[in-house]
Amino acid sequence: MSAITIRAMTIGDYEEVEAFLAVHFFKQEPLMLIPQEDPKQSEVSPAETELHRALIPQDLSLVAVDGQRIVGVVLAGELVPEDLEREYQEAEQKEITCLLDKIHKFLAGIELQANIFKHYGVDRALYLYMLGVDTSIRRQRVGTRLVEATIELGRQRGFPVVTSTCSNLNSKRLMTALNMECILTKDYADYKDEHGEIVLRASEPHTSASVVAIRL
């Protein structure tokens with residue numbers, strides 16, 4: 001573990017970061033493992049990977065490296081109040097064609113409802129969008145170190161709040177252990193389609209999402 005260091009993510013890391021997330025995030029995240037009628041619906045869309053690329057130039061994302069190998073990733077960016085309503089409306093109006101669309105729609109709703117800007121009385125926040133750790137080094141505090149580094153980076157850059165939306169119990173436990181406040185938790189079972197069917201049939205114990213945040 002002593003060899004693992006944390007540094008700023010650069011655009012030159014992009015391809016390795018995407019390859020890393022494909023294995024260590026998207027194939028591990030409980031929501032992404034919900035079976036779909038068409039397996040192709042579980043694939044990561046080009047729009048999602050482009051979002052990752054767009055975050056990097058903000059210089060707010062981090063990688064944990066062991067030598068030259070990436071073993072952990074945080075994707076993060078600035079969030080302002082207008083983003084909550086815009087992302088909610090985009091998710092509501094978008095035709096659902098894949099599992100990620102369903103997930104984004106649910107998370108956009110809980111983030112709008114939680115409204116960390118009203119909760120803290122601030123007009124900007126550092127949003128931790130995604131956290132991934134190499135499965136071979138889990139339980140070595142790499143995820144904790146990455147979140148701690150993100151909070152410190154937020155403090156250095158003058159953000160009044162760092163926030164994230166935890167889509168599983170593991171990330172919620174990690175972040176609340178770092179004194180992040182749970183603003184709102186909502187069960188996936190509450191998200192139903194027009195026929196009353198549950199859209200995201202998440203497996204125990206990862207049955208809810210939580211918006212968490214910390215004032216800096």
- Item | Flag side-chain contact, heavy atom, 4.5 Å: Val147 against Leu174 | yes
- Taking all non-hydrogen atoms of both residues into account, name the closest pair between Thr97 and Lys94 and its distance. OG1-NZ, 4.1 Å
- Task: Using salt bridge (Lys or Arg N to Asp or Glu O under 4.0 Å) as the criterion, list what pairs up with Glu148, not counting sequence neighbours.
- Result: Arg141
- Task: May I ask whether Phe26 and Ile96 are part of the same hydrophobic cluster, defined by side-chain heavy atoms of I, L, V, M, F, W, Y residues being less than 4.5 angstrom apart, directly or through others?
- Result: yes
- Item | Joint hydrophobic cluster, Leu153 plus Val162, side-chain heavy atoms closer than 4.5 Å | yes
- Message: For Asp66, give me all partners under side chain to side chain contact (heavy atoms under 4.5 Å, CB included), at least two apart in sequence or on another chain.
- Response: Ala3, Ile4, Arg69, Val71
- Message: Checking Glu78 now: which residues fulfil side-chain hydrogen bond (donor to acceptor under 3.5 Å, both in side chains) with it, not counting sequence neighbours?
- Response: Arg124
- Message: Going by the rule ring pair (Phe, Tyr, Trp, His ring centres under 6.0 Å), which residues pair with Phe159 if we only count those two or more places apart in sequence or in a different chain?
- Response: none
- Item | Heavy-atom check, side chain of Leu146 versus side chain of Ile6, under 4.5 Å | yes
- side chain to side chain donor-acceptor pair (under 3.5 Å): which pairs involve residues 32-45, sequence neighbours left out? Gln36-Lys102
- Close side-chain approach of Phe20 and Asp134, heavy atoms under 4.5 Å: yes
Donor-acceptor pairs under 3.5 angstrom involving side-chain atoms of residues 8-15: please list them, not counting sequence neighbours.
| unit_1 | atom_1 | unit_2 | atom_2 | d |
| --- | --- | --- | --- | --- |
| Thr10 | OG1 | Gly12 | N | 3.3 |
| Thr10 | OG1 | Asp13 | OD2 | 3.3 |
| Asp13 | OD1 | Arg7 | NH2 | 3.0 |
| Asp13 | OD2 | Arg7 | NH1 | 2.9 |
| Asp13 | OD2 | Thr10 | N | 2.8 |
| Tyr14 | OH | Thr49 | O | 3.2 |

- Message: Please say yes or no: joined through hydrophobic side-chain contacts below 4.5 Å, possibly via intermediate residues, are Ile70 and Leu60 part of one cluster?
- Response: no
- Task: Give a yes or no on whether the backbone of Asp190 and the side-chain of Asp187 come within a donor-acceptor separation of less than 3.5 Å.
- Result: no
- Message: List the residues meeting salt bridge (Lys or Arg N to Asp or Glu O under 4.0 Å) with Glu92, not counting sequence neighbours, and say none if there are none.
- Response: none
- Message: Would you say that more than 12 heavy atoms from the other residues, nucleotides or ligands in this model lie under 6.0 Å from the NZ of Lys27, or not?
- Response: no
- side-chain hydrogen bond (donor to acceptor under 3.5 Å, both in side chains) filter on Arg53, not counting sequence neighbours, yields none
- List the steps, then state whether side-chain contact (heavy atoms from CB on, under 4.5 Å) holds for Glu29 with Asn168. CA-CA 8 Å; Glu29 163 58 43; Asn168 63 70; 3.0 Å; yes
- Message: Just so I know, are the side chains of His52 and Met130 near enough to count as touching, which here means a heavy-atom distance under 4.5 Å?
- Response: yes
- Flag side-chain contact, heavy atom, 4.5 Å: Gln28 against Arg138: yes
- Item | Contacts of type side-chain hydrogen bond (donor to acceptor under 3.5 Å, both in side chains), residue Tyr129, not counting sequence neighbours | Glu48
- Note on the structure: Smallest heavy-atom separation, Ala125 atom then Ile116 atom, equals CB-CD1, 3.7 Å
- Message: Run the side chain to side chain contact (heavy atoms under 4.5 Å, CB included) test against Leu112 and tell me which residues pass, sequence neighbours left out.
- Response: Leu84, Glu85, Tyr88
- Cluster overlap Val199 with Ile103, hydrophobic side-chain contacts below 4.5 Å: yes
- Task: Measure the spacing between CZ of Arg145 and CG of Leu178 and express it to the nearest 0.5 Å.
- Result: 13.0 Å
- Item | Closest approach of Leu31 to Ala202 (non-hydrogen atoms, all atoms of both residues) | CD2-CB, 4.2 Å
- Item | Pairwise side-chain contact, Ile110 with Leu184, heavy-atom cut-off 4.5 Å (strictly under) | yes
- For the side chain of His24 and the backbone of Thr135, is there at least one donor-acceptor N/O pair under 3.5 Å apart? yes
- Rounding to 0.5 Å, atoms CD (Gln58) and OH (Tyr127) come to a distance of 13.0 Å
- Transitive ILVMFWY side-chain link Leu131 to Leu51, under 4.5 Å: no
- Would you please test Leu62 and Val73 for side-chain contact (heavy atoms from CB on, under 4.5 Å) and show each step? CA-CA 6 Å; Leu62 303 171; Val73 165; over 6 Å; no
- What pairs with Arg201 under side chain to side chain contact (heavy atoms under 4.5 Å, CB included), at least two apart in sequence or on another chain? Glu197, Ile198
- Query: Given side chains that start at C-beta, do those of Glu181 and Ile183 come closer than 4.5 Å, heavy atoms only?
  - Reply: yes
- Kindly determine whether Leu75 and Leu21 satisfy side-chain contact (heavy atoms from CB on, under 4.5 Å), including the steps that lead there. CA-CA 10 Å; Leu75 285 168; Leu21 291 173; 3.9 Å; yes
- Pairwise distance CG(Leu216) to CZ(Arg155) - rounded to 0.5 angstrom: 5.0 Å
- Query: Hey, what do you get for CZ (Arg215) to CE (Met180), rounding to the nearest 0.5 Å?
  - Reply: 13.0 Å
- Is there a donor-acceptor pair closer than 3.5 Å between any side-chain N or O of Asp83 and the backbone N or O of Leu79? no
- Could you check Leu200 against Ile34 for side-chain contact (heavy atoms from CB on, under 4.5 Å), going step by step and ending with a plain yes or no? CA-CA 7 Å; Leu200 295 172; Ile34 296 174; 4.1 Å; yes
- Task: Could you grab the distance from atom CE of Met175 to atom OG of Ser164, nearest 0.5 Å is fine?
- Result: 3.5 Å
- Expected output: side-chain Tyr188 to main-chain Ser167 donor-acceptor under 3.5 Å: yes
Name each donor-acceptor pair under 3.5 Å that joins a side chain in residues 206-214 to protein atoms two or more places apart or in another chain, with its distance.
| unit_1 | atom_1 | unit_2 | atom_2 | d |
| --- | --- | --- | --- | --- |
| His206 | ND1 | Leu169 | N | 3.1 |
| Ser210 | OG | Thr185 | OG1 | 2.6 |

- Task: Side-chain contact test, heavy atoms from C-beta onward, threshold under 4.5 Å: evaluate it for Leu128 versus Thr163 and give yes or no.
- Result: no
